[in-house]
Amino acid sequence: MTDTQVPAATGPDPTAPATDAPETPAAERRETPAPEAREKMVDVFADDKGHTQVKTNPVGVEIARLADADDRVVALSADMSAVLADLRARHPGRYFEFGIAETNTISAAAGMAASGLRPYVLSMAPFGAIKCAEQLRTDVAYNHLPVRFVARLSGLAMGFFGTSHHAVEDIAIARTLTNLTVVAPADSNATVGLLRSTVDHDGPVFYRVSEGTLPVYPEPPAFAYGKWVEVRPGDDLTIIGYGIGVGLALAAAETLAAEGIEAAVLDAVYLKPFDREALLAAAERTGKLLTVEEHNEIGGLGSIVAEVLGRQRVPADLDSLALPDVDLEVGVPAALHAHYDLTPDGVARRARALVGA
């Protein structure tokens, strides 16, 4: 189901009282229209033209392009075939469908990588690092194999399917796995840029792809390994985010600028290794740091920043806008984001409080 529309009931209602009145002919019945869905979820399951466009499917389009240029590139799908429509059409012999057997997908990808291939695994984030931690650690990372694990539908993107489909612990898990590079693009162009800039990396890479991001980069950037990007300067505070957090931070910074508050925005695109130098420079320059992430408040970006500041004994004010460590609500992503203040207004409110405005 990709929106909030409730399926119409079918057949007679067994609880309705009996009646002898004749049934109204079908031609004379007036159907009650279903309520219009106001919020929709990203649909990555249907094969349509949207899956051949970089804006809506940067992962699939770019992996197909990488396969065009490199015969070693293969794609393994864990029930994500629509995302790989381009590659399936152009390189059917290099596409492998595993269904909902995510752990087997990782182990097979490890074998392919050990044989000289460059496997890209496509999976839903709720069943990515959370479900496959053992295979990622033992089969892939321990052996330094160049497997690329691309997790789509991260964070609250599948929120309408229930709490089992929230993916809000994956960064905490992935960044503890030795030898695993962890990245999280801010928008479609950043996704393309990351896939390109890591294509020759010799070790495994975990890509956490957010849905419904705001535009950040006008073109695919050439990311330097392990480095963050300052996407907006400012001297009053620094807002640091990844994934959807970067676009939210930029939008909030525009609002704050109109109030005389200049917020720098850092894209923490690399979460492992992370840019310690950029973090410490921001703390020294503004002295006030706000992290923004669609992730549990434990183990993510907020924890990274707190760990560095504590270990380096840096006297800076820190606040973290993240998801609380409680049983989360169920709903369409936009409603959940609003509920948990993961909006430009929510970021701006926390920023004002941090600077005492």
Side-chain angles (χ1 to χ4, degrees), residues 2 42-102 104-125 127-128 132 136 140 145-154 157 181 183-213 215 217-223:
T2 60
V42 175
D43 182 3
V44 297
F45 305 110
D47 279 310
D48 58 38
K49 65 181 180 181
H51 295 295
T52 63
Q53 299 171 3
V54 173
K55 183 177 180 180
T56 55
N57 182 23
V59 170
V61 172
E62 184 58 24
I63 290 178
R65 192 197 68 81
L66 294 175
D68 292 341
D70 189 341
D71 289 341
R72 297 175 302 168
V73 172
V74 295
L76 294 79
S77 163
D79 202 25
M80 297 286 282
S81 61
V83 176
L84 295 165
D86 279 355
L87 183 138
R88 281 189 293 133
R90 303 209 294 264
H91 306 286
R94 288 193 267 160
Y95 169 80
F96 304 89
E97 177 58 61
F98 283 76
I100 57 172
E102 290 87 0
N104 286 348
T105 310
I106 299 297
S107 296
M112 293 178 180
S115 301
L117 297 176
R118 292 277 174 163
Y120 285 77
V121 176
L122 269 290
S123 173
M124 301 174 223
F127 315 113
C132 303
L136 283 170
V140 175
L145 293 172
V147 172
R148 281 79 171 100
F149 191 101
V150 184
R152 281 200 61 178
L153 298 164
S154 63
T181 295
V183 295
D187 65 4
S188 295
N189 281 325
T191 300
V192 172
L194 275 174
L195 288 168
R196 291 177 181 176
S197 63
T198 55
V199 66
D200 292 321
H201 179 63
D202 287 333
V205 184
F206 178 84
Y207 307 82
R208 195 216 205 215
V209 181
S210 297
E211 314 295 339
T213 56
Y217 296 99
E219 300 291 338
F223 291 109

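Since the model is a prediction, treat every value here as computed from it, not as a measurement.
Partners of F98 by ring pair (Phe, Tyr, Trp, His ring centres under 6.0 Å), not counting sequence neighbours: none found. Listed by chain and number, the residues in a side-chain hydrogen bond (donor to acceptor under 3.5 Å, both in side chains) with D70 are R72 (sequence neighbours excluded).
Contact annotation: the side chain of Y120 approaches that of V199 to within less than 4.5 Å [non-hydrogen atoms, C-beta and beyond]. Contact annotation: the side chain of M124 never approaches that of E102 to less than 4.5 Å [non-hydrogen atoms, C-beta and beyond]. A heavy-atom distance below 4.5 Å is found between the side chains of R152 and N57. For the pair V74 and P119, the minimum side-chain heavy-atom distance is below 4.5 Å. Within the 4.5 Å cutoff, the side chain of L194 has no heavy atoms near those of the V192 side chain. Side chains of L84 and L122 form a contact here, defined as non-hydrogen atoms less than 4.5 Å apart. Using a 4.5 Å heavy-atom threshold, the side chains of L76 and M112 count as touching. Counting heavy atoms from C-beta outward, R88 and E97 have side chains that stay 4.5 Å or more apart.
The closest donor-acceptor contact from the side chain of R196 to the backbone of P220 lies at 3.5 Å or more, if one exists at all. Looking at R90, its side chain never comes within 3.5 Å of a backbone N or O of D68 through a donor-acceptor pair. The closest donor-acceptor contact from the side chain of D86 to the backbone of A64 lies at 3.5 Å or more, if one exists at all. Remark: side-chain polar atoms of N189 are not paired, donor with acceptor, to backbone N or O of P221 under 3.5 angstrom.
The aromatic rings of F149 and F206 lie parallel to each other, with less than 30° between the two planes, well short of the 60° mark.
Note that CG of D71 is 13.5 Å distant from CZ of R118, once rounded to the nearest 0.5 Å. Note that CD1 of I100 is 10.5 Å distant from OG1 of T105, once rounded to the nearest 0.5 Å.
Closest of all the heavy-atom pairs between A186 and A190 is N-CB, 3.5 Å. For the pair L87 and R94, the tightest heavy-atom approach, listed with the atom from each and the gap, is CD2-O, 3.8 Å. Heavy atoms only, all atoms of each residue included: E211 and L153 are closest at OE2-N, 2.9 Å. P146 and A113 make their closest contact through CD-CB, 3.9 Å (heavy atoms, listed as atom of the first residue, atom of the second, distance). The minimum heavy-atom distance linking Y95 with S81 is given by the pair OH-CB, 3.0 Å. Contact between L195 and L66 at its shortest, heavy atoms only, is O-CD1, 4.1 Å.
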Discussion item. Pair T198, T181 - check side-chain contact (heavy atoms from CB on, under 4.5 Å), show working.
Written reply: CA-CA 10 Å; T198 55; T181 295; 5.7 Å; no

